[in-house]
> 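Starting off with a structure, shown below.
Quantities reported herein were computed from a predicted structural model and do not represent experimental measurements. Just so we're on the same page: letters track the sequence lines, and every chain starts at 1.
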Protein chains: 2
Amino acid sequence: MPGRNQQFVLDALTRSERPMGAYELLELLRQEGLRSPLQIYRALDRLIEEGLVHRIESLSAFALCVHSECTHGRAAFAICANCGRASEVHDPALERVLRRIARRQGFRTKSATVELSGLCEACAHR
Amino acid sequence: MPGRNQQFVLDALTRSERPMGAYELLELLRQEGLRSPLQIYRALDRLIEEGLVHRIESLSAFALCVHSECTHGRAAFAICANCGRASEVHDPALERVLRRIARRQGFRTKSATVELSGLCEACAHR
DNA sequence: TTGACGAACGTGATAACATAACATAACGGA
DNA sequence: TCCGTTATGTTATGTTATCACGTTCGTCAA
């Protein structure tokens, strides 16, 4: 039982082709009666806890998780500076390298942020 | 010739054990006569361009680059949620994996953000 | 049914982070 | 000197996120 606002936010992100900011979501969901940032942030917090949504730090934005069972916190993103799309990547080799880096310095990782910024294939070829 | 404000900011970050926010820097540098956020942000922008400072996305904060020769944009950070320290890591294997991920989808990477959040060794052992 | 409780929700104010727009000063070369 | 460029300063504003408080609603047990 996702909660009404969570469902609104989830639907909006599902329809969007790119990550959305909290205030962008708010604008969109005013139609549904949402009025304050906090309503959005609370919904996002829960969706993130449930692993359904990722926060993209370098955009201060939020994206649907495309991998139903991602251990949340182990996804990488390639974010196009031109078209704004963020493609989510799960890569075992990356996870191994990150674990090794942490291990070497006795670091106990709780979550990881991996974000590549640049041009996606479509935008690079023009 | 670094510019006066850049030098102030650089000195402040050098003295700090952990990444500092822009407004935190501002508070500190009021003693030196700095008055507005923009003075801080401009100095930070230049220091980042020169590769002397990194922006830590997940903290909205800034840290001195400890590797004089970092190709800027290829550093990883392990950030302790308890003590706030951020240790900078340069790892060839990580760079290879990130290049491979980008290559696989034809992504042209301009910069990369890699931030581990968790507990550092000292803070984990208590 | 009632009431106690917790989870979700609503609202206004405010905090924290960042930039726009415009003006002024400092410097170096033609 | 004149010009262009770079660094600087200041006010106002834009953007992102949270606090504090109160209300609604469903569930469960007496």
> Given atom CG of Leu26(A) and atom C1' of dG10(C), what is their separation to the nearest angstrom?
13 Å
> Take atom CD of Gln6(B) and atom C1' of dA26(C), then tell me their distance rounded to the nearest Å.
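Result: 15 Å.
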> Over how many whole Å does the gap from Leu34(A) atom CG to dG10(C) atom P extend?
7 Å
> Below the 4.0 Å mark, does dT8(D) have OP1 or OP2 next to a side-chain nitrogen or oxygen of Gln39(B)?
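Answer is no, no contact under 4.0 Å.
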> So, does Arg4(B) get its side chain near the phosphate of dA25(C), meaning an N or O under 4.0 Å from OP1 or OP2?
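Result: no.
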> Atom CG of Asn5(A) to atom C1' of dT11(C): distance rounded to whole Å?
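Atom CG in Asn5(A) sits about 13 Å away from atom C1' in dT11(C).
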> Tell me the interatomic distance from Glu49(A), atom CD, to dA7(C), atom P, rounded to whole angstroms.
12 Å
> Going by the side chain to side chain contact (heavy atoms under 4.5 Å, CB included) test, name the single residue among Leu47(A), Leu52(A), Thr14(A) that passes it with Leu64(A).
Thr14(A)
> Expressed as a whole number of angstroms, how long is the span from Phe8(B):CZ to dA7(D):P?
16 Å
> Using a 3.5 Å distance criterion without hydrogens, assess whether the side chain of Glu88(A) forms a donor-acceptor pair with backbone atoms of Val66(A).
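Side chain of Glu88(A) to backbone of Val66(A): a pair is present.
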> Short question: side chain of Gln39(A), backbone of Ser36(A) - any donor-acceptor pair under 3.5 Å?
yes
> Step through the shown structure and confirm whether more than 12 heavy atoms of other residues, nucleotides or ligands are within 6.0 Å of CZ on Arg35(B).
no
> My understanding is that only residues two or more places apart in sequence, or in another chain, count here; which of them pass salt bridge (charged side-chain N to carboxylate O under 4.0 Å, His left out) with Arg85(A)?
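With sequence neighbours excluded, Arg85(A) shows a salt bridge (charged side-chain N to carboxylate O under 4.0 Å, His left out) to Glu17(A), given in chain and number order.
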> How does protein reach along nucleotides 15-24 of chain D, written 5' to 3' as B (base within reach of a heavy atom under 4.0 Å), S (only sugar-phosphate), or - (no contact)?
-BBBBB----
> Nearest-Å distance, CG (Leu44(B)) to P (dC17(C))?
13 Å
> Would you mind reading off the distance between Ile40(B) atom CD1 and dA18(C) atom C1', rounded to a whole angstrom?
13 Å
> Between the side chains of Glu57(A) and Thr113(B), does any donor sit under 3.5 Å from an acceptor?
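Looking only at side-chain atoms, Thr113(B) and Glu57(A) do not form any donor-acceptor pair under 3.5 Å.
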